[in-house]
Number of protein chains: 2
Amino acid sequence: MPTHHQGSADEVRALDAFIKLVRGTNSTLAELLPPLQRDFGLTESQLGVLEALHHLGPLAQGQICQKILKSGSNVTTVVDNLERDGLVRRVRDADDRRVQVVHLTEKGRELIERAFPAHAARVTALMATLSSEEQAELGRLCLKLGRAVAG
Amino acid sequence: MPTHHQGSADEVRALDAFIKLVRGTNSTLAELLPPLQRDFGLTESQLGVLEALHHLGPLAQGQICQKILKSGSNVTTVVDNLERDGLVRRVRDADDRRVQVVHLTEKGRELIERAFPAHAARVTALMATLSSEEQAELGRLCLKLGRAVAG
DNA sequence: CTGATATATTTCGACATAGAAACATAATAG
DNA sequence: CTATTATGTTTCTATGTCGAAATATATCAG
């Protein structure tokens with residue numbers, strides 16, 4: 001990725017790796033998200049919320065925030081849309097009435113049980129571009145990078 | 001990333017690598033974009049458009065689409081906002097009047113010449129979490145993954 | 001030249017996303 | 001017990017993002 005900017009060798013290398021990281025991620029998502037939308041009517045965030053609820057059981061919205069690493073206002077919006085579609089319902093917590101506990105509905109459970117395996121199969125097929133050693137190395141490098149920031 | 005889903009070893013490995021890829025990318029962007037907004041008032045897409053114009057000179061919107069890998073309607077929106085802020089201007093092409101050629105303004109040029117080096121320095125500092133060999137390997141793996149999809 | 005087709009951009013509608021401010025409810029200090 | 005502070009959620013405003021439909025202009029067939 002040549003740039004106009006006059007950078008050191010360190011900068012050129014870092015920018016090159018960074019751009020490939022962002023573009024590679026975007027390319028994979030561009031491949032995975034349209035089928036998710038077409039086959040199940042779900043966005044990435046909606047899938048994340050449903051999967052978390054399916055895996056962990058009912059969660060407060062604040063807990064969902066932490067799981068999917070998005071802002072509180074965003075979780076409100078995503079849960080609004082899931083609730084409108086009948087996939088989850090909000091239950092006001094009796095002990096702490098500030099809290100909305102989000103539950104999967106039967107419809108939501110049925111959907112995530114179909115959608116997740118299909119999505120996982122697509123991810124697997126796509127990642128098969130890389131050998132298992134390469135996949136492990138990619139994961140290791142991304143985790144290291146992410147931890148340097150967030151952890 | 002343990003999941004409820006009962007998957008093969010291949011699936012578990014692929015999903016693990018994929019989730020780390022997406023989260024690592026999101027974490028780095030979450031670190032880089034707020035300073036870009038606070039210091040220069042720019043979003044990622046706005047930076048991309050200004051950098052492309054600075055590097056390549058005036059471009060038709062369709063060419064910008066290809067450079068930043070976004071949809072045409074999105075480029076319209078981003079250029080709208082840049083134009084409103086006085087950073088670019090649209091010039092109707094005389095030969096093909098369907099085409100809008102986007103030019104940097106003096107204000108836009110001055111801004112990108114300050115913003116890009118600052119951004120590049122932040123990217124470099126963040127990527128320094130990884131050794132230069134690791135950065136190169138990360139870039140290689142992401143490029144391979146991206147090409148399997150888009151190429 | 002005219003009608004059909006192709007291309008560049010815009011508009012529209014829906015969703016994601018963040019941050020700031022508002023709001024409701026807890027929890028704590030005094 | 002009341003005032004203050006903290007916390008969980010929502011609302012509001014601004015952007016990005018896409019796809020589909022609309023619009024403007026070009027191009028091409030005949």
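Side-chain contact check for B:V78 versus B:K70: every heavy-atom pair is 4.5 Å or farther apart.
Nearest-nucleotide positions on DNA chain D place B:D85 closer to the 5' end than the other of B:R98 and B:D85. Judged by closest nucleotide on DNA chain C, A:K70 is the one of A:D96 and A:K70 placed further toward the 5' end. Taking the nucleotide of DNA chain D with the nearest heavy atom to each of A:R38 and B:D93, the more 5' of the two is matched to A:R38.
Put simply, CD on A:Q63 is 14 Å from C1' on D:dT7, counting in whole angstrom units. At whole-Å resolution of the value, CD in B:E44 and P in D:dG16 are 10 Å apart. If you measure from atom CD of B:Q100 to atom P of D:dT25, you get 11 Å, rounded to the nearest angstrom. We find that CZ of A:R97 is positioned 13 Å from P of D:dT9, with the value rounded to whole Å. If you measure from atom CG of B:L42 to atom C1' of D:dT15, you get 13 Å, rounded to the nearest angstrom. The separation between A:Q66 atom CD and D:dG8 atom C1' is 12 Å, rounded to whole Å. In this structure, the CD1 atom of B:I64 is 13 Å from the P atom of D:dG16, given to the nearest Å.
In this model, the phosphate group of D:dT15 is not approached by any side-chain N or O of B:Q37 to a distance below 4.0 Å at OP1 or OP2. Remark: B:N81 is in phosphate contact with D:dG16, judged by side-chain N or O atoms under 4.0 Å from OP1 or OP2.
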Exercise. Could you please spell out the steps behind the side chain to side chain contact (heavy atoms under 4.5 Å, CB included) verdict for B:L126 and A:F18?
Key: CA-CA 9 Å; B:L126 203 154; A:F18 175 69; over 6 Å; no
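Within the nucleic acid shown, A:G72 comes within 4.0 Å of at least one base atom, counting heavy atoms only. Contact annotation for B:T77: base contact, defined as any heavy-atom pair under 4.0 Å involving a base atom. Nucleic acid contact class of A:N74 (heavy atoms, under 4.0 Å, all strands): base. Across all strands shown, A:D80 has no heavy atoms under 4.0 Å from either base or sugar-phosphate atoms. Nucleic acid contact for A:Q46: sugar-phosphate only, since backbone atoms but no base atoms lie under 4.0 Å from a heavy atom of the residue. As judged by a 4.0 angstrom heavy-atom cut-off over every strand, B:T43 is placed among residues touching the sugar-phosphate backbone only. B:D95 comes within 4.0 angstrom of the backbone, heavy atoms only, and of no base. Backbone-only contact: A:R84 has heavy atoms under 4.0 Å from sugar-phosphate atoms and none from a base. Contact annotation for B:R92: no contact, since no heavy-atom pair falls under 4.0 Å across all strands.
Taking the charged nitrogens against the carboxylate oxygens, A:E134 and B:R140 do have a contact shorter than 4.0 Å, which makes a salt bridge. A salt bridge between B:D16 and B:K20 is present, with a side-chain N of the basic residue lying under 4.0 Å from a carboxylate O of the acidic one. Ion pair A:R122/A:E31 not flagged as a salt bridge, since none of the NZ, NE, NH1 or NH2 atoms sits closer than 4.0 Å to an Asp/Glu carboxylate oxygen. Salt-bridge annotation for B:E110 and B:K107: absent, with no side-chain N of the basic residue lying under 4.0 Å from a carboxylate O of the acidic one.
Listed candidates were D:dT25, D:dC18, D:dT9. Nearest to the side chain of B:S73 is D:dC18. In this structure, of D:dT9, D:dC18, D:dT17, it is D:dC18 that holds the atom nearest to the side chain of B:S71.
A 4.0 Å heavy-atom criterion places the boundary nucleotides of DNA chain C facing chain A at C:dC15 to C:dA26, written 5' to 3'.
A donor-acceptor contact shorter than 3.5 Å is absent between the side chain of A:E11 and the backbone of B:T124. In this structure, the side chain of A:R90 does not engage the main chain of A:V101 through any donor-acceptor pair within 3.5 Å.
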